[in-house]
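Heads up: the structure comes next, in structure tokens.
Both ligands and their constituent atoms are indexed starting at 1 by order of listing. Sequence positions, counted from 1, serve as the residue numbers for this chain.
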Amino acid sequence: MLGLMQDRPLMIADIIRHAARHHGATEVVSRLIDGSLHRTTYAVVERRARRLAGVLMRLGVAPGDRVATLAWNSFRHLELYYAISGMGAVCHTVNPRLSADDVSYILNHAADGVLFADTSFVTLLETAAPLLAGHLRAVVLLASPAEMVPVTLPAGIALLCYETLMAEADEAFDWPVFDERTASGLCYTSGTTGRPKGVLYSHRSTVLHAMAANGAAVFGLKPGDRAMLVVPMFHVNAWGSPFTAVAAGATLIMPGRHLDGASVAGLMNAERVSVSAGVPTVWLGLLAHLRTSGERLATVRRLIIGGSACPPALIEAFDREYGVTVEHAWGMTETSPLGTFNTPRVVEGEDAAAALRRKSKQGTTIFGIDIRVVGSDGREAPWDGQSSGDLQVRGHWVCSGYYGDPPGSANDAEGWFTTGDVAAIDASGNMEITDRSKDVIKSGGEWISSILLENIAVSLPGIAEAAVVAAVHPKWDERPLLLVVARPDAVIDPDAVLAEYRQRVAKYWVPDAVIVLDELPHTATGKISKLTLRQRFRNYLLERTAAE
Ligand code: AMP
């Protein structure tokens with residue numbers, strides 16, 4: 001017997017419709033490319049998204065078509081999110097920090113017919129566009145007529161102005177209702193090995209993720225919250241925030257391209273931001289700015305961190321120096337992205353060191369997701385906080401197959417997706433990532449966690465950023481190498497750094513060398529590019545021995 005409850009499909013357009021109807025006056029604030037602030041409301045965003053759906057139809061976009069965006073976080077990108085998916089097409093967010101070669105590969109692979117781009121990407125557009133002839137019909141610049149810039153495009157690709165198209169359209173469009181499993185969004189993984197692969201989200205997965213991600217133990221946003229969207233909308237739907245915050249009726253503050261510490265702090269204070277989410281690199285930059293400038297965060301209460309491991313020193317510094325709670329989350333493009341979240345809690349009898357250790361882990365699974373760790377024997381590892389292995393995940397918003405591949409092809413026979421992360425789960429279900437499987441260092445047959453060694457480095461005075469990579473060693477196969485960037489005005493003494501390690505870790509974990517660099521390379525999603533560092537320093541120890 002079936003239940004007798006209403007059976008309404010989960011539709012993304014219902015999120016913006018809800019916000020317009022019940023939180024219509026709530027603001028969306030965007031810092032535009034020229035640095036100025038733009039203010040709108042959910043009621044206006046919904047009306048303009050309907051107008052935009054009309055524009056898309058006029059441009060020949062049909063349900064199922066892929067429509068690309070190459071844009072910073074702003075109200076126009078938000079309108080695109082809702083208009084494209086709401087009319088049944090697929091919002092394909094492209095990461096502008098990728099190389100022109102990767103961008104053209106991705107646009108060709110997805111066969112996007114129309115591309116919406118910010119005016120700051122002219123060079124990228126001009127390099128990529130000649131490789132897109134055949135399917136790309138139009139590039140629409142996210143600008144008013146006065147803000148239009150010239151872009152040289154091949155014959156057959158039109159250059160159009162967003163606000164001109166919007167002015168010509170009307171709001172008569174009505175959000176259609178269709179199968180909730182329909183594809184709604186497409187995001188390619190950063191592809192550190194091989195070509196990027198497309199993760200194809202559905203209305204169902206996106207709405208379920210938005211509802212779960214806003215649980216009290218996770219983002220827990222509500223009307224009155226002022227959420228700053230530091231995570232870019234071109235990477236995993238900005239962790240779902242353009243859906244969660246809108247559904248919750250929280251104010252959205254979009255920083256655009258200005259993500260340096262001073263710009264982030266300035267906007268946070270000017271717009272009375274209460275909560276924000278981003279990768280450690282951005283929060284390390286914010287912390288460095290606060291420390292050097294003496295500026296305080298007037299209203300920020302919570303910073304959510306994910307995308308790379310959060311150093312315990314960052315949690316401690318924001319808490320002690322600024323009264324801001326750092327909450328650590330884990331996820332990936334393939335998991336929409338939220339998988340685990342480290343919810344603040346009080347544990348009786350726990351001392352400060354144990355509390356910091358607990359908060360530094362990646363957190364417990366949110367409902368709708370399941371995780372397990374599988375050891376080298378192929379069996380599930382016990383939840384003892386020690387036994388590590390491959391982290392696997394399954395749930396309502398986990399990728400089943402990459403774009404173009406058959407459903408289920410990315411999962412094993414039991415439906416598990418192997419993440420490529422190495423992790424351990426403790427008795428309370430708190431998961432800890434020790435490495436990406438390809439970043440693990442194996443010295444004399446023993447595993448060494450690069451994340452743990454990096455966390456020690458950034459807890460030392462004078463070190464702004466650190467990476468640990470494996471270097472080839474004639475006797476031990478691989479040995480850890482520590483690469484560091486100094487804080488402004490600090491000088492790093494490698495011997496003193498190594499002396500610290502000798503105090504804190506087993507002898508064989510102490511890095512074989514400390515190398516001070518001016519900067520570390522970052523990937524298109526703001527993570528330290530260990531691949532680049534491995535390639536550059538792989539033979540460092542062999543060369544050093546030869547030179548000696
Ligand atoms: P992406 O698909 O580009 O978002 O990358 C996902 C990967 O980022 C994960 O598989 C992890 O390797 C890494 N990652 C994400 N969040 C964390 C975290 N909190 N701690 C450590 N690694 C993380």
Under 4.0 Å from any heavy atom of [X], which atoms of ligand 1 are there?
| X | answer |
| --- | --- |
| His328 | 18 (C), 19 (N), 20 (N) |
| Gly331 | 6 (C), 9 (C), 15 (C), 16 (N) |
| His235 | 1 (P), 3 (O), 4 (O) |

(request) Indicate, as side chain, backbone, both or neither, the part of Ser308 found under 4.0 angstrom from ligand 1 when only non-hydrogen atoms are considered. (result)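 For Ser308, only backbone atoms sit under 4.0 Å from ligand 1.
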(message) I need the contact type for Thr333 against ligand 1. Using non-hydrogen atoms and a strict under-4.0 Å cut-off, is it side chain, backbone, both or neither?
(response)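 Both backbone and side chain.
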(request) Closest by any non-hydrogen atom to atom 19 (N) of ligand 1: pick that one out of Pro196, Ala329, Gly306. (result)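 Among Pro196, Ala329, Gly306, the closest heavy atom to atom 19 (N) of ligand 1 belongs to Ala329.
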(message) If you take the nearest heavy atom of each of Lys438, Glu334, Met332, Glu432, which one is closest to atom 6 (C) of ligand 1?
(response)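 The option holding the nearest heavy atom is Met332.
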If we ignore hydrogens and angles and just use 3.5 Å, is the side chain of [X] paired with the main-chain N or O of [Y] as donor and acceptor?
| X | Y | result |
| --- | --- | --- |
| Ser202 | Ser205 | yes |
| Glu465 | Val485 | no |
| Thr244 | Gly240 | yes |

(request) Please confirm whether Gln362 comes within less than 3.5 Å of ligand 1 when only nitrogen or oxygen atoms on both sides are compared. (result)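 Between Gln362 and ligand 1, an N or O pair is found under 3.5 Å apart.
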(request) Give yes or no for whether the N/O distance cutoff of 3.5 Å, strictly under, is met between Gly307 and ligand 1. (result)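 Checking ligand 1 against Gly307, an N or O pair does fall under 3.5 Å apart.
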Parallel, tilted or perpendicular: which one describes the rings of [X] and [Y], with boundaries at 30° and 60°?
| X | Y | answer |
| --- | --- | --- |
| Phe121 | Trp72 | tilted |
| Phe341 | Phe219 | perpendicular |
| Tyr188 | His92 | tilted |

(message) Using side chain to side chain donor-acceptor pair (under 3.5 Å), reason through Asp512 and Trp476 one step at a time and then give a plain yes or no.
(response) CA-CA 11 Å; Asp512 272 26; Trp476 303 111; over 6 Å; no
Which residue supplies the protein heavy atom nearest to [atom], what is that atom called, and how far is it?
| atom | value |
| --- | --- |
| atom 21 (C) of ligand 1 | Ala309 N, 3.2 Å |
| atom 8 (O) of ligand 1 | Lys527 NZ, 2.7 Å |
| atom 12 (O) of ligand 1 | Asp421 OD1, 2.5 Å |

(request) Mind jotting down which residue pairs meet the side chain to side chain donor-acceptor pair (under 3.5 Å) criterion with at least one end in residues 309-321? Sequence neighbours excluded, please. (result)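 Applying side chain to side chain donor-acceptor pair (under 3.5 Å) to every pair that reaches into residues 309-321, excluding sequence neighbours, yields Arg291-Glu321.
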(request) Sequence neighbours left out, what passes salt bridge (charged side-chain N to carboxylate O under 4.0 Å, His left out) with Asp405? Give chain and number order. (result)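 By the salt bridge (charged side-chain N to carboxylate O under 4.0 Å, His left out) rule, Asp405 matches no residue at all.
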(request) Check if Thr189 has a non-hydrogen atom at a distance under 4.0 Å from any atom of ligand 1. (result)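 So Thr189 does not count as touching ligand 1.
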(request) Please confirm whether Gly420 comes under 4.0 Å of ligand 1, counting heavy atoms of the residue only. (result)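 False for this residue.
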